[in-house]
Structure formats: structure tokens, C-alpha cells
Engineer: 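Sharing a structure below in C-alpha cells format, with a few things to ask.
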Amino acid sequence: PLSADFALIAAYQADFLGNLTYRLTQRNYNTTMASAADITIVEVSKLVGVGDIKPEHVITPGIYVDRLVVKEELI
């Protein structure tokens, strides 16, 4: 089985509970690694409120996410 101490993954959108959605190739291994690691740290492009992500669009549930880091856009 696949296991890791830490998983550093990127996601497109997350809510405050840690539910994640992805875009394009972010979906390849991020879901697998989030569930396989002891501690999962996620960099998100967009942080939204609880309930703003429809349940059918959640790809990785917040139970697997330990930390959220919001990506800052440089203008």
C-alpha cells in the first residue's frame, strides 16, 4: 500500500472545512496522496465559504486535509 508522512498538494478551490475541488491535471494523484499521508497540507487558489462547493463537486473530503494555505496572486 501507498503511504507517506506528509503530502503537499495543490487544489483549485477549498472551503473552510477542507473540502477540495481540482482543475485539469491536479486531479491525477492529489486525491490518492491526501488519503495516503499522515499529514496533508494543501495550497489552494481560492478559499470559499462552507456550502459554496456543491457536494457533487467535492473530490477530496475535508477529513483528509490537515492544513490549508491560500496562494497569493502577484499582480
Side-chain angles (χ1 to χ4, degrees):
L2 184 63
S3 66
D5 292 330
F6 293 95
L8 304 173
I9 62 175
Y12 170 65
Q13 196 173 36
D15 63 11
F16 289 104
L17 295 178
N19 297 313
L20 305 175
T21 61
Y22 303 105
R23 291 181 65 202
L24 305 172
T25 60
Q26 290 177 336
R27 195 170 178 173
N28 286 345
Y29 297 106
N30 287 343
T31 303
T32 305
M33 287 310 300
S35 62
D38 293 333
I39 297 173
T40 303
I41 302 169
V42 182
E43 179 187 42
V44 295
S45 299
K46 204 175 187 183
L47 189 62
V48 298
V50 175
D52 288 342
I53 301 175
K54 294 181 181 178
E56 60 269 11
H57 293 154
V58 172
I59 299 169
T60 303
I63 190 87
Y64 296 117
V65 177
D66 296 304
R67 303 282 188 272
L68 284 174
V69 177
V70 180
K71 180 180 175 181
E72 289 188 22
E73 299 276 334
L74 297 176
I75 297 175

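All values below come from the heavy atoms of this structure, side chains included, with hydrogens, waters and symmetry mates left out.
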Engineer: In the single-linkage hydrophobic clustering (I, L, V, M, F, W, Y; side-chain heavy atoms under 4.5 Å), do Leu8 and Ile39 co-cluster?
Structural biologist: yes
Engineer: Would you check, one step at a time, whether the test side-chain contact (heavy atoms from CB on, under 4.5 Å) holds for Leu20 with Asn30?
Structural biologist: CA-CA 10 Å; Leu20 305 175; Asn30 287 343; over 6 Å; no
Engineer: Please table the atom pairs, donor to acceptor, closer than 3.5 Å between any side-chain atom in residues 40-48 and protein atoms at least two apart or in another chain.
Structural biologist:
unit_1	atom_1	unit_2	atom_2	d
Thr40	OG1	Ala34	O	3.2
Thr40	OG1	Tyr64	O	3.1

Engineer: Search all heavy atoms of Met33 against all heavy atoms of Ala4 and return the closest pair with its distance.
Structural biologist: CE-CB, 3.8 Å
Engineer: Do the side chains of Ile63 and Val50 join up, straight or via other hydrophobic residues, at under 4.5 Å, putting them in one cluster?
Structural biologist: no
Engineer: Distance-only check: which donor-acceptor pairs under 3.5 Å involve side-chain atoms of residues 52-60, not counting sequence neighbours?
Structural biologist:
unit_1	atom_1	unit_2	atom_2	d
Asp52	OD2	Gly49	N	3.1
Thr60	OG1	Tyr22	OH	2.7
Thr60	OG1	Thr31	OG1	3.3

Engineer: Count I, L, V, M, F, W, Y as connected when their side-chain heavy atoms are under 4.5 Å apart, and connections chain through other members. Are Tyr12 and Val70 then in the same cluster?
Structural biologist: no
Engineer: By side chain to side chain donor-acceptor pair (under 3.5 Å), which residues pair with Asp15, not counting sequence neighbours?
Structural biologist: Asn19
Engineer: Looking at every non-hydrogen atom in both residues, tell me the closest pair between Leu68 and Ala14 and how far apart they are.
Structural biologist: CD2-CB, 4.1 Å
